[in-house]
Each structure stands twice: as structure tokens, then as C-alpha cells.
Amino acid sequence: MLKDITLGQYFPGNSFIHRLDPRTKILMVIVYIVTLFMAGGWVSYGLMLAFLACAIRISTIAPKAFIKGMKPLVMILAFTAILNLFFTQEGTVLLDVWIVTITTGGINRALMMMARILMLISCSFLLTYTTSPISLTDGLESLLGPLKKIGVPVHELTMMMCIALRFIPTLIEETDKIMSAQKARGADFETGSLMERAKALIPILVPLFISAFRRADELATAMECRCYQGGGGRTKMKQLHYRRGDMVAFGSGAVLAAAVLLLGQFGL
Amino acid sequence: MKPILEVKDLSYIYSAGTPFEHRALDKVSFQVRSGEFIGIIGHTGSGKSTLMQQLNGLLKPTSGTVLLDGQDIWSDKKLTRQARFRVGLVFQYPEYQLFEETVYQDIAFGPKNMGLCKEDVDRRVREAASFVGLTEEQLEASPFDLSGGQKRRVAIAGVIAMEPEVLILDEPTAGLDPVGRAGILGNIQDYRKAKNATIMMVSHSMDDVARLTDRLLVLNGSRLVMDDTPQRVFARAQELVDMGLSIPQVTQVFLHLRKLGLDVPNVYTVEQAAQVLTARKGGAGHA
């Protein structure tokens, strides 16, 4: 059950997208999201979608994985759509009952917002699905590098992020185990009132927190044993290098952004 | 005699329909008679833990059935819940599931979930505590102040307090010192005698299972490959070694003696070995 969570999941592979430099992928996601917000018409959206579809295809990751990842977001999507539907008052009025007014502009807006959110999430999924947490944080550290000059502890922050990502699956597994153990003692998480269910979580949360603290402690000791001192003077085994593939990716990103800007001029 | 637990053609597939699909159990069938002490052995990933979780209804079989007293535990929701109490399951490193403020409250968690009255809960908690050798003062202590071995006892008492007819334990002695191991194994035998309970124990210690159990189930690659007395299982030493398992140390010694040309039978416990050797010595002395 908990194993179905796809947050931060990585699907190992060896596609063009997998092999890209993590920095390229992070930058491309940013470019894509910015472009997405500049896109104003359905033609631009179609172009953006086609670009994303191609990228997903190249990554060889099953589209199913993306759909599965969307499931928890259904509520947010519905909420956004409804808000836009009711509060946009443009175009011809289609329905006007009591305080509810639905216009063509509203429908258009709602659909566009949904498409925008779906594409935005899909492109960030593509990043995490094709990039291992370690190279992701490596890329982030390298991109944020300039901030070190103004005293931001970039290395420490990315190390924290890396550890957090690394421990998500471990904690999920641990939760699963503790849940099974408490269920074996007759704990019931599925029935009862909201209050009862919240109370039923105590037998899971207490052992989970204790084990998380224990793990943190052990990890800290293990890191100290290996003389970890933070970022100062630390070199990397795997140096990041931009390759030709990265140039191709940047090129296609630039073309996409330019095309969307151009289409925007024509209001498409 | 009617078996208390019966497993028929049980298969279980993890994450069915995803790239991570993994067959953990493949057409496993066996019967457990009341009062038996069964050892389950198999190397890591052979399906032991999955099998255990099938027996008390924590995991639902992909195909096949688990019968408790002749009734399919998945035929009715009530029966599934009943199975949780009638088949007690002690996980590996059970001390990590403790959560209450006092040892007493933690042991009482199971009986309370059974919906028993206060007096019954109290009786069971005290009885379970005495089975595992916890003192009155320890009952009022916080479980987190106890030593590792004592925590393990508390966790086992938490399952024993439900008075399960079948008690299943996953490596109950993992990570304990010899005194702690002997203590826990003794507690389990005491419980079995007092309640005439059935015990199933997963263990990597061949010496322990040889000494304690009446019957061994050997799992390899998701299949049940052997189901026999320890004597006959350990007689197939080479097969066990090929599966990545071992045989009791004393059995190894005797096998070696035989290779050296000595005419000794197969033994699998130290007591047997002692008997065989004294008999030989006695015989030789008189001749």
C-alpha cells in the first residue's frame, strides 16, 4: 500500500534523458515551467505537450508511472478547475443560475489551468524518474555553487536534501513493518471515527520517530567515522561535465521557448 | 488429528503488474498439527517472512488458501481478524514496535484490541510477563529504559498476552548474546508447555532448530522444498549446503568422522552425539 507512493522515485535506465547531466535536466525543467507560464493559447499548449510527450517517449519510462503519480493530485486539480470555472467572467454566458455563472471564458480558463498543472507536474516527475537522488543533489549543489560566495551553506543544504531523499524509501519500509507488527497485535487503522483513527496512529508514530532518531544518530556517527567535515575542501569522485547531448537538450529548450514566445505574439 | 493450520497451494506475488513484480511464494502446501514445534529455515529472500505473514492474514494470498481450524481465513472479515489473535506473530527485532509509556500498557495493547474486560487484560498481562521473566517493577518501567534483551522479552510478551494457539516467531534470538538467546528459547518452550500451543519459528541457527523442533520446513527460491523431521532433513546435508544453508555443527563433525572411515550414524544434536560416543566408548572398553 505505502509502497505505491512514487514521490521522489527513480526508475533506473540508460536513455538519452537518463544520461543527461543533472544540471541540464534541472535547468530544462525550469525553462519548461517558465515557458509554460508564458504560453497563452491552445496552440502553444499543444506544442508544449508534444515536446513533453517526446521527452517522456525518449526516457522509455511507462506513461502509466506518470498517471499513477498524478493520483494524489486529483483534489488540487479539481479545486483549481472549479475555482477558475466559477470566477472567470469572460465570453458568452452559458449558464446563469442563482449566483452561479458559467461562461465560455471560464471553461477555457479551467481547462487551461488543468493542462498547465498536469504538464508542470509531469515534467518534474520526468526529472525525478530519470535522475538518481544523488546526481540530483550533485547537480543542485553545482548550480547553487555561486551562492557559497555570499555565505549560504550550499553543500550542507544539498547534503541534507540528499539524506532526506535517501531515507524516504527506508522510512516507508519501516512504517510498513511497524504497521504489520501492530496489526498482528490487532491494531485497526481502517475503521472507526476520525478521532479513533488519529489515535490508532500513535502505535505507529512513536516507534517510527524513535527509529528515525536512532538512524540519524547512527548515520552521524558513521559520517564522522569517515571524517566528514562538511563541504570545505571536498572533492568529487564523479565530476559533472556537459556533453554534446546536453547541448542538444539546451538547443531544443531554446527553440521551444522561442516558438512559444513567437506564437504568443500572434495570440495563439 | 485435524490440522490446526493448513496451507494449500499458496502463491504470493509482490507488486503484481508492475516492473517490480516478484513471486515470493510458489504453490506452498503443508499442514500444522496442534502442539507441534516447527522450524522454518531458508536463506534470505526464500519467502520465509512472506509465508509467516500469510498465516495470520496480514498478507492476502494471490492464489491458494490458508485454513485455520478448517476455515478459510479470508472467507469472512471476522475470521481474518480472529486469525490475527489466534495466530500470534512476533516479527524480527520486535523491540522496535514498542510505543507505550509503561511495559504493562504495551503488553496490554493486544489483549485490549481483542475487546477483553479489564480483569482479563490484567491477568493476561501478568501471565505473559511471568512467561518471559519480567518482574513487577519492570512492568511499571518505561520500555525504552530496558536493555535490548529485556525489550525483546516485552515485545514477545505483547504477543503471548493474546494467548495465541499458534505462535510464530521470526528469528526471535537475532542479535542477542548467548544468555539472552537461551532465555528467550526457554520462554517459548514454557509457553508451549503451559498452553499446549503450536510454535513455528524461523531461525538461521541450525543448532537451535535441531535441538528444539519436531519438524522442519525448508524454503528455497519461494518453494517449499523439504518438510520432514530434523533428522531426515539434516541427513540431506549436501542439498542444504547447495541452497546456501548449513547443518548443525555437530552433524558436520560426524559427517567428517564418517569420511575418515569411522562407522557413526547421523546425529544432529549434541545430546545424541554424546550418547553415540559414550555407547562406543563403553563398547570398546568392555571388549
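Note on naming: letters A, B, ... go to the chains in the order of the sequence lines (proteins, then strands), and numbering restarts at 1 for each one.
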_Engaged part of B:Leu98 at the chain A interface, taking heavy atoms whose separation is under 4.5 Å_ = backbone

*Is atom CZ of B:Phe144 surrounded by more than 12 heavy atoms (other residues, nucleotides or ligands) closer than 6.0 Å?*
yes

_Within the supplied structure, the quantity of interest is the number of heavy atoms (other residues, nucleotides, ligands) at a distance under 6.0 Å from A:Arg243 CZ; does it exceed 12?_
no

*Identify which part of B:Arg84 has an atom lying under 4.5 Å from any heavy atom of chain A, answering side chain, backbone, both or neither.*
both

_Can you tell me if A:Glu156 has over 12 outside heavy atoms packed within less than 6.0 Å of its CD?_
yes

*Would one find more than 12 heavy atoms of other residues, nucleotides or ligands at under 6.0 Å from atom CG of A:Leu73?*
yes

*Distance-only, no hydrogens or angles: does the B:Asn113 side chain make a donor-acceptor pair with backbone N or O of A:Arg185 under 3.5 Å?*
yes

*Let me know if B:Tyr96 has heavy atoms under 4.5 Å from chain A in its side chain, its backbone, both or neither.*
both

*Looking at A:Ala187, A:Ala181, A:Pro203, which has the largest count of heavy-atom pairs under 4.5 Å with chain B?*
A:Pro203

*Take atom NZ in B:Lys195; do more than 12 heavy atoms of anything else shown fall under 6.0 Å from it?*
yes

_Are more than 12 heavy atoms, taken from residues, nucleotides or ligands other than A:Arg19, located less than 6.0 Å from that residue's CZ atom?_
yes

*Under 4.5 Å from any heavy atom of chain A - which part of B:Met162*: side chain

*Count the heavy-atom pairs under 4.5 Å between each of B:Leu89, B:Leu59, B:Leu58 and chain A, then report the option with the highest count.*
B:Leu58

_Region of A:Ser211 in contact with chain B, defined by heavy-atom distances below 4.5 Å_ = neither

*Judged by atom type as modelled, is there a donor-acceptor pair below 3.5 Å linking the side chain of B:Gln97 to the main-chain atoms of A:Gln182?*
no

*Provide the closest heavy-atom pair for B:Phe85 versus A:Gly186 in the form atom of the first, atom of the second, distance.*
CE2-CA, 3.5 Å

_Atom CE of residue position A:Met247 - does it have more than 12 heavy atoms of other residues, nucleotides or ligands inside 6.0 Å?_
yes

*Student check: side-chain heavy atoms of B:Tyr93 and A:Lys177 closer than 4.5 Å*: no

_Under 4.5 Å from a heavy atom of chain A, the part of B:Glu100 involved_ = neither

*How long is the gap from CZ on B:Phe99 to CG on A:Leu205, to the nearest 0.5 Å?*
11.0 Å

